[in-house]
Amino acid sequence: MTVTPAAYPNAADPASPLSIKPVGGRIGAQVDAITLSADLDDASVVAIRAALVRHKVLFFRGQHHLDNDSHEAFARRFGDPVGHPTVPSPEGTQLFELDSRYGGKAAAWHTDITFVPDYPFASILRAVTIPEAGGDTVWANTAAAYTDLPEALRALADTLWAVHSNAYDYAAARADLTDEQIARHRAVFASTVYETEHPVVRIHPESGERTLVLGQFVQRIVGVSTAESQRLIEMLQAHIVRLENSIRWRWQEGDVVIWDNRATQHYAVDDYGAQHRVVRRVTLSGDVPVSIDGRRSRAIKPAPLAIAAE
């Protein structure tokens, strides 16, 4: 049986010049026969960006030539790298390292840095040290999740706003944490508390799709009780992480993965025990989300600077 490109949502664009193999039916594609570098021609950069918007996550094997500098230089072809708001980067870089020896595990569903208004549009993650077994990452398509919502639930989600913060209950999220790890989280990750109010449904600025903005950093839904808020978050989040909307990637050293942070959540699977795992990430500056009625996300903490009247 011949499958036409329109037969499933994640089909490759036949007009793309890239060698693209979709990995999942709704999300993810492997791009072969390309060497990532700052020297890529403009047409390839445009094609990668178009594929990213289409497939949400792009996987590149065998990029062993990249080091910290060339990784960041490549990222600059797609936008301006931004460091983490609270976790220091190595001097002179905007890299963010996740090293399992120092608590660098992101074993919770999240969209990167949604506790600020203009959270990153994309992240570019490079595998440095990978366990012999385990340590996969899973991504979920938040646009497909929105489309799958029952009509009445979509109509409700369209009206909701939620507060995101980096001051979440880290201890409650992970039962295996030591007191030292909890203290380090509070001293570094939550050293400055950020709170931002986002629409639960944003308009993707390139595709025009509606995507759900939820994940680990969501604290509460605005205008409802704590109990109602929790039930709404759990219900909507459950639609995002359905297996049908997700793709799981088995890392190899030298892999590079780029994901559209405006249309995905991801989860780093913590199943590799004491094995060593190091990945390094460059995030690219994003835009402020816009709701379906045209309102923009707003910062709550730190309070935006007031503009003096003339």
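Just so you know, these numbers use all the heavy atoms, side chains as well, and skip hydrogens, waters and symmetry mates. Counting from 1, the numbers follow the sequence of the chain as shown.
Once rounded to the nearest 0.5 Å, the distance linking NE2 of His55 with OG1 of Thr264 reads 14.5 Å. Distance CG/Asp13 to CG/Leu18: 9.5 Å, rounded to 0.5 Å. Rounding to the nearest 0.5 angstrom, the gap separating the OG atom in Ser165 from the CZ atom in Arg220 is 8.5 Å. How far CE of Met235 is from CD of Gln230: 11.5 Å, rounded to the nearest 0.5 Å. In this structure, the separation between CD on Gln237 and CG on Leu232 is 13.0 Å, given to the nearest 0.5 Å. One finds the CD1 atom of Ile240 at 12.0 Å from the OG atom of Ser246 (value rounded to the nearest 0.5 Å).
In this structure, Arg49 is positioned above the aromatic face of Phe121, its NZ or CZ under 6.0 Å from the six-membered ring centre and within 45° of the axis.
Relative orientation of the Trp139 and Phe59 rings is perpendicular, given thresholds of 30° and 60° on the angle between their planes.
Shown here for Arg250 and Asp255, the closest heavy-atom pair between the two residues is O-OD2, 4.1 Å. Here the shortest heavy-atom pairing between His65 and Ser70 reads O-OG, 4.0 Å. Of all the heavy atoms in Leu66 and Val256, the pair that sits closest is CD1-CG2, 3.7 Å. The shortest non-hydrogen separation linking Leu95 to His71 is CD2-ND1, 3.9 Å. Nearest heavy-atom pair across Val116 and Pro85 is CG1-CG, 4.2 Å. Across Pro9 and Gly25, no two heavy atoms sit closer than the pair CD-O, 3.5 Å.
Formation of a donor-acceptor pair under 3.5 Å by the Arg280 side chain with backbone atoms of Arg126 is not found in this model. Between the Arg262 side chain and the Val213 main chain, no donor and acceptor come within less than 3.5 Å of each other. Side-chain atoms of Thr196 do not come within 3.5 Å of backbone N or O of Ala299 as any donor-acceptor pair. Using modelled atom types, no side-chain atom of Glu195 and backbone atom of Val163 make a donor-acceptor pair closer than 3.5 Å. At distances below 3.5 Å, not a single donor-acceptor pair connects side-chain atoms of Glu206 with backbone N or O atoms of Ala50. Counting only distance, with no hydrogens or angles, the side chain of Gln63 and the backbone of Arg61 share a donor-acceptor pair below 3.5 Å. Here the side chain of Glu197 pairs no donor or acceptor atom with the backbone of Ile300 at under 3.5 angstrom. Between the side chain of Asn261 and the backbone N or O of Pro120 there is at least one donor-acceptor pair closer than 3.5 Å. Side-chain atoms of Arg210 never come within 3.5 Å of backbone atoms of Ile292 as a donor-acceptor pair (strictly under, hydrogens ignored). At distances below 3.5 Å, not a single donor-acceptor pair connects side-chain atoms of Asn245 with backbone N or O atoms of Arg242.
Put simply, the residue from Asp148, Asn10, Thr147 that forms a side chain to side chain donor-acceptor pair (under 3.5 Å) with Arg26 is Asp148. Each of Gln265, His164, His198 was checked for a side chain to side chain donor-acceptor pair (under 3.5 Å) with Thr114, and the lone residue meeting it is His164. The only option from Leu58, Val57, Ile27 that meets the side-chain contact (heavy atoms from CB on, under 4.5 Å) definition with Trp259 turns out to be Val57.
Between Leu160 and Val201 the shortest side-chain heavy-atom distance does not fall below 4.5 Å. Between Ile113 and Tyr194 there is no side-chain heavy-atom pair separated by less than 4.5 Å. In this structure, Trp161 and Pro199 have side chains that are in contact, with non-hydrogen atoms separated by less than 4.5 Å. With contacts defined as side-chain heavy-atom distances shorter than 4.5 Å, the pair Tyr8/Pro22 qualifies. Counting heavy atoms from C-beta on, the side chains of His239 and Leu153 come closer than 4.5 Å. Contact of the Ser123 side chain with the Val282 side chain is not registered, since no non-hydrogen atoms from C-beta on lie closer than 4.5 Å.
One hydrophobic cluster, built from ILVMFWY side chains closer than 4.5 Å, cannot hold both Val278 and Tyr102; they sit in different ones. Both Ile247 and Ile130 are members of a single hydrophobic cluster when ILVMFWY side chains are connected at heavy-atom separations under 4.5 Å. Val82 and Ile124 fall into different hydrophobic clusters, defined by Ile, Leu, Val, Met, Phe, Trp and Tyr side-chain heavy atoms under 4.5 Å apart, directly or through other members. One hydrophobic cluster holds both Val45 and Ile20 under the rule that ILVMFWY side chains link at heavy-atom gaps under 4.5 Å. Residues Trp109 and Val218 are members of one and the same hydrophobic cluster, defined by side-chain heavy-atom contacts under 4.5 angstrom among Ile, Leu, Val, Met, Phe, Trp and Tyr.
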Quick one: do Leu236 and Leu149 satisfy side chain to side chain contact (heavy atoms under 4.5 Å, CB included)? Show the steps, please. CA-CA 8 Å; Leu236 293 169; Leu149 292 175; 4.0 Å; yes
For Val241 and Val138: C-alpha separation, side-chain torsions, deciding distance, then whether side chain to side chain contact (heavy atoms under 4.5 Å, CB included) applies. CA-CA 9 Å; Val241 300; Val138 189; over 6 Å; no
Which is it for His204 and Asp260 under the side chain to side chain contact (heavy atoms under 4.5 Å, CB included) test, yes or no, and what are the steps along the way? CA-CA 10 Å; His204 193 289; Asp260 187 336; 2.7 Å; yes
Test side chain to side chain contact (heavy atoms under 4.5 Å, CB included) on Trp249 and Gln30; report intermediate values, then the result. CA-CA 10 Å; Trp249 186 249; Gln30 183 170 330; 3.6 Å; yes
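Every residue two or more places apart in sequence or in another chain that forms a side chain to side chain contact (heavy atoms under 4.5 Å, CB included) with Ala143 is listed here: Lys56, Asn141, Glu209, Thr211. Scanning for side-chain hydrogen bond (donor to acceptor under 3.5 Å, both in side chains) contacts around Trp251 gives Thr137, with sequence neighbours left out.
Aromatic ring centres of Tyr119 and Phe115: separated by at least 6.0 Å.
Under 4.0 Å is where a charged nitrogen must lie from a carboxylate oxygen, and between Asp270 and Arg277 no such pair does.
Asp112 and Thr283 share no side-chain donor-acceptor pair at under 3.5 Å.
Open room surrounds CD on Glu151; 12 or fewer heavy atoms of other groups in view lie less than 6.0 Å from it.
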